[in-house]
Amino acid sequence: MEPFSGTTSVYLYGAGGHGKVVLDVLLAENKYVVKGILDDAPKSDSMFAIPIKENFNKQKLQAKNCIVAIGDNQIRKNIVSSLNTNFVMTIHPSAVVSKFAKIGVGTQIMAAVVVNPDVIIGDHCIINTGAIVEHDCKLGDYVHLAPNACLGGNVTIGENTLIGIGASVIPNVVIGKNVSVGAGAVVLEDIPDYAVVVGVPAKIIKFQDVK
């Protein structure tokens, strides 16, 4: 369960395309009042009639509710690390999330997602539209499952990893940290850290630079 600071207001950090989706989830969930939208380089002055603030003091977010709506895993991690605030999760009302699943702070679960029993999802993850996380999966912090990605049972995914749009992972596979799985890929075997894999079946095409 996410922590609460005693207020129903929340700040959304990120005013890009992913921010629009997270804002829509927050509004649909109707759990918080969106106090403001923050962005380091906004392209407009408002989103869905809510003002966007560019020049703001991060220190003023201390002890306030906040969610970081940045699709890129590493950028999201960097921003989270720069903030001293109370991170909250958001779950779209149409998502089916087992009461036996554990969801970390800052995680965003979008419309039509299914999360089944004994799943553990880390902090600040994105489980995007229509993704499926089957029983006993374990996702590290800052993982992003893109729309319609599907994990079979007992899959383990390391932190900062991206599972692309429509990709599938068979049961019992272990995927390392900072991995990128291409759109539509079918993962049939374990994948080491920092690998980039594509295709059916998924094959390593290169390794990303260590950060």
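Below, each value reflects all heavy atoms present in this structure, side chains not excepted, and no hydrogens, waters or symmetry copies. Since we're looking at a predicted model, the values are computed, not measured.
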(message) Check whether N148 reaches the backbone of I165 with its side chain - one donor and one acceptor, N or O, closer than 3.5 Å.
(response)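 Not at all, since once roles are kept as given, no pair shorter than 3.5 Å links the two residues.
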
(message) Taking V68's backbone N and O only, do any of them form a donor-acceptor pair with R76's side chain (distance below 3.5 Å, no angle check)?
(response)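 Between the backbone of V68 and the side chain of R76 there is no qualifying donor-acceptor contact (under 3.5 Å).
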
With no hydrogens and no angle check, do the side chains of [X] and [Y] hold a donor and an acceptor under 3.5 Å apart?
X	Y	result
N154	N172	yes
N86	N65	yes
K64	S9	no
Q208	N178	no
D40	Y13	yes
Q108	T90	no

Can you find a pair of side-chain heavy atoms, one from [X] and one from [Y], that are under 4.5 Å apart?
X	Y	value
V187	I170	no
I191	V181	yes
V133	N116	no
L145	N128	no

(request) Kindly assign one of parallel, tilted or perpendicular to the pair H124 and F87, based on the angle between their ring planes and the thresholds 30° and 60°. (result)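 Perpendicular: the ring planes of H124 and F87 meet at over 60°.
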
(request) Applying side-chain hydrogen bond (donor to acceptor under 3.5 Å, both in side chains), name anything that partners H92, two or more places apart in sequence or on another chain. (result)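 Only S94 meet the side-chain hydrogen bond (donor to acceptor under 3.5 Å, both in side chains) criterion with H92.
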
(message) Taking NZ in K102 as the centre, count heavy atoms belonging to other residues, nucleotides or ligands within less than 6.0 Å. Is the count above 12?
(response)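 No, the 6.0 Å shell around NZ holds no more than 12 heavy atoms from other groups.
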
(request) Measure centre to centre between the rings of Y11 and F56, then say whether the value is under 6.0 Å. (result)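 No: the rings miss the under 6.0 Å criterion.
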
